[in-house]
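What follows is a set of notes on a single structure, which appears directly below.
The chains referred to below are lettered A, B, ... by the order of the sequence lines, with proteins before strands, and numbering in each begins at 1. When reading the values below, keep in mind they use all heavy atoms of this one structure, side chains included, and skip hydrogens, waters and symmetry mates.
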Amino acid sequence: MALNTLTSDVEMRQISKRFDAVQALENVNLELRAGEVHTIAGENGSGKSTLLKILGGVIRPNKGKIFIAGQEREFNSVRDAMKFGVTMVSQELSLVPNLGIAENVFIGHNQSKNKFGIDWKETDRRALEILKRLNISVDPRREVSTLPQHEQQLVEIARALSFDTRVLLLDEPTSSLAPNEVEALFKVVKQLREDGVAVVLITHRMSEMLEISDRFTVLRDGKFIDTSDRAGVNENWLIDRMVLNKPKQSAHRNFQVSARRAVLEVKGLTDRAGAYSDISFEVGEGEIVGLAGLAGAGRTELVETLAGIRQRSAGKVFINSAEVGTNSRTALKSGIALVPDDRREKSTIHEMSVRDNLMLSQHKFEVRHRSKKAEEKIIKSWVEKFSIKLSGPDAPIKSLSGGNQQKVVIARCLQTNPKVLILDEATRGVDLGAKAEIYEILRNLADAGLSILVVSSEISEIFEISDRILVMHAGELSANLDRSKTNEAEVVAAAIGAK
Amino acid sequence: MKFKLPSLSTMPPWIGVLVLEIILLIVMAITQPVFFSGSNLSNIIRSSAIPIVLGIGMTYTILTAGIDLSVGSVLAFSGILLSGMVELMPRYVAVVVTIALVTLIVGGINGTLIGRLGLNSFVITLGTLGIFRGISYLVTNGTTRSIDTGPLINKIGDGNIGPVPGPMIVVIILAGISIYVLRSTYFGRDVYAVGGNEFAAKLAGIYTGRVKMNAYMISAFCAGIAGIMQVGRLSAASPTAGVGLELTVVAGVLLGGTRLSGGVGSIWGTVIGLLFLQTVSNSLTIQGVSSYWQQVVTGVLLGAAVLFDRIRLELSGRAKSKEKK
Amino acid sequence: MKFKLPSLSTMPPWIGVLVLEIILLIVMAITQPVFFSGSNLSNIIRSSAIPIVLGIGMTYTILTAGIDLSVGSVLAFSGILLSGMVELMPRYVAVVVTIALVTLIVGGINGTLIGRLGLNSFVITLGTLGIFRGISYLVTNGTTRSIDTGPLINKIGDGNIGPVPGPMIVVIILAGISIYVLRSTYFGRDVYAVGGNEFAAKLAGIYTGRVKMNAYMISAFCAGIAGIMQVGRLSAASPTAGVGLELTVVAGVLLGGTRLSGGVGSIWGTVIGLLFLQTVSNSLTIQGVSSYWQQVVTGVLLGAAVLFDRIRLELSGRAKSKEKK
Amino acid sequence: ATAAPKITVGFSYPIEANSYLKAIGTGAQKTLAKAGYGFYPLDAQLDGNKQISDIEAMITKKVSAMIVYPLDSKGLKPAMKKAKAAGIKVITMNYTVKDSKKRPAKPSLAQVQDAFPQRALAKAKVKYLNKVLPKGGNILYVGLGFPVYALEAHANMFKEELAKDSKYTYLGRVDNMSDDIEGGRQAVEQALIRYPNIDAIVAYNDPTALGAYAAIAARGKIDILIVGNQMQPEAVTSITKGEIDGSWDFNPVESGISLAELTISILKKEPKANWSKTIQTPAKFYDASTIDAFVPWTTRTNKIK
Ligand SMILES: Nc1ncnc2c1ncn2[C@@H]1O[C@H](COP(=O)(O)OP(=O)(O)OP(=O)(O)O)[C@@H](O)[C@H]1O
Ligand SMILES: Nc1ncnc2c1ncn2[C@@H]1O[C@H](COP(=O)(O)OP(=O)(O)OP(=O)(O)O)[C@@H](O)[C@H]1O
Ligand SMILES: [Mg+2]
Ligand SMILES: [Mg+2]
């Protein structure tokens, strides 16, 4: 074995980690070779992130050993891991919101210095260089808190690339990225592989892992299941190992677009801060409308305005011909419920229980008693309906895996008896099984007459779920298409503004 | 029958303070038997009642990720308002009117500026602290007014109701209601939600501004009651009452495990935290520790209390995984 | 040549306070011409120097999402330490030794407990507040000690260096260094990172505990210097110096736009915020406003200052779109 | 090696970190010790509720008598009544702030008054001004920024007495907001701007006078008379150097001795005629010419043996 190969060989042996009641990892093994892309596959909550965090020095295992180039090493801090060239992009965005982009890229290890201290010009230049590899051009001094989510994700990846890395850990780096951004990222990853870096990738998108990986390790319920080279792996191999019960693939619905009356009508809506302008469309009863577009098109802003959480400068919204109020409470009352795009920041309250999170949109006269019994009955029904995995209704929401948290948020919205349910990137970071379950839930709800608006950056998802497709480009509605009469090329063309 | 102790990590955060309190009580029991006389225990309870009542209100505001520094001066303002009211109307009416006015005026100002307009709670309530202290001085020209409290006000602030100290009854009622409100009502849940994640709370249809406003109204309400209790205790309304009390109250609330960043905390913690501070002060006095040493020892015990909680988390191994936040 | 005004939304947050300060100056210029006499302006600068020096240290701790309530009593402790040191060694050595000791002892305690062990900064520094106040009383038995300051200490705290007030030089040096450190050094940026998102900072390999520790060391260092300045100003070391000063300092820092939740703020803001508070106090006395009314008016102006900043954001339309956070 | 004293007397300070109050306490303590009584001092640290707790603690500790310098005599009444009901003799300092030798209101059995409530002090101050400013002048009073009765009573009496002498103009009053030297300095600095023609500054205590001196010295304008009050130890050298022109020794040690002697008489059940009254401690004036005759408080307390 060549010397340089040896130096970045990593082995994790018999790793176990316990959080309170949850055994997140149990005797898991992972072996990384220099110059490979290694995918860790598994359902939500199977322990993928925990494994990466241990290798990244973020948390310490209860048991198990880490070997770097055959030497046993103990990682007590991120700094320790960095010493051995381990760099990590964590699943949760971890940028410093009020600092600039370039600064976030080089946070903690800025080497640009002149005789007056930090050389900001040089810092900007080097940051732009890395960002260019990822195909984005932004003002390097801009505060990251003003960036949309996908660009924040890219900044975070750029941060990892700014290190002299031997082992790169990427925990769901693509979940919020647009296809062209994923492409740019993969190009960089391939280059790193050429350079002998070991890259660990986590993603829930089957196509992505199959496209780029050289090796696969599958986890289930915190246990090591299997590992294999690319050659032995296909979609079925993965699904067999990741899940116990295969999700059923349901067919498209037959839905007559023009057949039913409009439930949601949007007329001339314009954002106060200018993210979109003059938007008009309708959603019919029992209809599922997909809202496609490139990241940054203004879809999130649009649906947040519909939900009454963002200010408009013009336009009106109607539900069943009655005008909808402009704050979130009245919007909810009129029947608009939104599942927002950022679970961590926008929808769950981490310190509260599942019960409180699920019942959060139930508003009675405020000092009214909440009947525990009645609430538990409601929760039980949702838990059964959506097969949410939890230890009990009073378990903290943060103890649930991402997919299960998302189901709780959807249940919260449905519990308000909405007339229109809006989902913004609702399956982001959700595993295959849960995704299929959510689609199934949505179809059943639509069949029962609920109008649904689905915002998604994944064209395949848009096509899988929608009856009709709206496309936004640069803050304007650029197309309104019947799913059965269109194709992906047409949607993409509308999204990039090519008429 | 089996009784299972909760694991270290699932214990409430005020358990460290409680353990320290118990150690303190044991030390006192051994060294100063007089400490456990009925009258001394009653003294501790009586003198901690006012900070606890303020602390209950403070817990609401800190839970919403704010703070109310005005409580000490509002306590004085309430007493002085009462001294005016008792001359115009029967005492029990005066009590109700005073509390109502304090709640509306002070709660209204703090609540509107912080809740509705979203201004910085620290600066705003530091402002109202000055305003109501100044008004109290101006109205009374700095002098204490004797008040013939009558049985009602006296019982609330100082006397016994049956065999039980009146202030203790007030604390039990207020704490009981607050525990219920925070745990089992829609409003209580909204308080935690607003402090935990304001955007999510707003999206879920919670009127976050109104919830915060109400928190400051409740804090003013509690300060209003504390003001009446203070009058009962002094048989007088003093414009200097409660100077500097806000820091003690905040310290007690934080000792009880309520997070200054909002969303986490409990009334139980507040009661125990403030009871602890009062026990420390009483114990040191009974021990005959000089006042200069008292300040030093109290400072050390504050540190010990938070260190204790840290050690508990460290032992339970949860501390490491909590690094995230 | 063209000069473009920054848009409302990109102005620094202390702009509201600055505008209010300017309005105040104009009002004073019209109603009380003596206000603008050289000696009065020098008074304002001299008397605001100590809070500003404390505020500079406080800015570091608040930027890391903490707080240092001990500054007022550490100021007293530093003066008393100096009063002992000047008897043992030459004055300039005594000054250096005093500041070094204060930094190591106080900064070491606060920094270790808060930075290394991650304990609650509010409770810990309230504890050290009591500890160092108590020690100051114990050492002096509560009495003020006269000190023959000599030219060095006098100049630092009170005198002129050339035509410029000495305290102003101290402020300029400390503020200048801090502006540089916070803007252009790794440590400075780490301070912002730790306060802005501790998890992210840790993930970036920053030793967050060490950064916080250093912030409390710097705060103690500043309090040490402020203690020397206080001695220079009064030719005496008093154990009661700086009682209650911590709240004023925090208020000034927050007025200057530093966020209590950490990660956002500037030394410029702190200087302007504390200068504003001192100008208010000076103006009200010059206007002949009674001390009771002064408290009321100061309270109102605190509210006005944050309201001003709010109005600016509202006008710039950014306030609404920033609701997210 | 003496056995623990059986009879203990409590002493409630409004704040111990004040050299004047501390001298009263020490004077009382030593006098009591000489007579074989124990001493149990407690410090309210300017907090009215703490003073109530302190009195309650004294009841718990079953002191035989307590000497109380109330922060707020009205607000402390209920607590003192409880002490009385528990059979504890209550002796006070500055309980009433009227210039009168009548016996104090219940539950205080007897009290000592210092010079603050005595009109004689206000009169003496105007007399002193007549001596040093015979042609008259503009007078500034520096008071305390938060209310303390005895001080306010004195401030008013001084204003009244000054008004009787038309040579003098009462310019106004500024306040020391923090009751320390720094507060005195800031108040006077600002006053010097507002009133450019001050001839004399009359301060409520010596730390404030020291602050006034610091303010004036910083302006380099030293032709203003500074009249101190209370003769705190830190002022003595300033008077020697002529920085402060004069101050009144309030004789706190003697006040303390009087308090202790009253207490002893009461505990020994001496005839009521001997103690049922108000003892007014006189103040004595010192300036640079007489300061050498001043006996420091600590020397006086050390003499009690
Ligand atoms: N800090 C924590 N405290 C308590 N439980 C935790 C914590 N972190 C993770 N867990 C639990 O450990 C298990 C594994 O979590 P992990 O985040 O590693 O899953 P994952 O495979 O990355 O899932 P996903 O695909 O949803 O990201 C889950 O049950 C999770 O709820
Ligand atoms: N806080 C903000 N301040 C300024 N501009 C913003 C802010 N948030 C978003 N924008 C801008 O608004 C536009 C649309 O934002 P966003 O990317 O969230 O829309 P989207 O189409 O929903 O994209 P995504 O698929 O990432 O959710 C972008 O140009 C973005 O840069
Ligand atoms: Mg994960
Ligand atoms: Mg979006």
Self-check item: Closest non-hydrogen atom pair between L254(C) and V123(B), with its separation
Solution: CB-CG2, 3.7 Å
Practice problem: Identify which of G127(B), A200(B), A304(B), A251(B) forms the greatest number of heavy-atom pairs closer than 4.5 Å to chain C. | Solution: G127(B)
Quiz item: Side chain, backbone, both or neither: which part of Q294(B) has a heavy atom under 4.5 Å from chain C?
Solution: neither
Quiz item: Between atom CZ of F122(C) and atom CG of L255(B), what is the distance when rounded to the nearest 0.5 Å?
Solution: 10.5 Å
Exercise. Look at V250(B), L129(B), T248(B) and state which one has the largest set of heavy-atom pairs under 4.5 Å with chain C.
Key: V250(B)
Quiz item: So which of V300(B), L113(B), L302(B) has the biggest tally of heavy-atom pairs under 4.5 Å with chain C?
Solution: L302(B)
Quiz item: With respect to chain C, which residue among L117(B), L69(B), L301(B), T298(B) yields the maximal number of heavy-atom pairs within a distance under 4.5 Å?
Solution: L117(B)
Self-check item: Residue among L119(B), N120(B), L203(B), I124(B) with most heavy-atom pairs under 4.5 Å to chain C
Solution: L119(B)
Quiz item: Under the criterion side-chain contact (heavy atoms from CB on, under 4.5 Å), which of T140(C), I135(C), N141(C) is the partner of Y292(B)?
Solution: N141(C)
Practice problem: Could you grab the distance from atom CD1 of I131(B) to atom CD of Q295(C), nearest 0.5 Å is fine? | Solution: 10.5 Å
Self-check item: Close side-chain approach of E246(C) to L247(B), heavy-atom, < 4.5 Å
Solution: yes
Practice problem: Select one option (side chain, backbone, both, neither) describing which atoms of L260(B) are under 4.5 Å from chain C's heavy atoms. | Solution: side chain
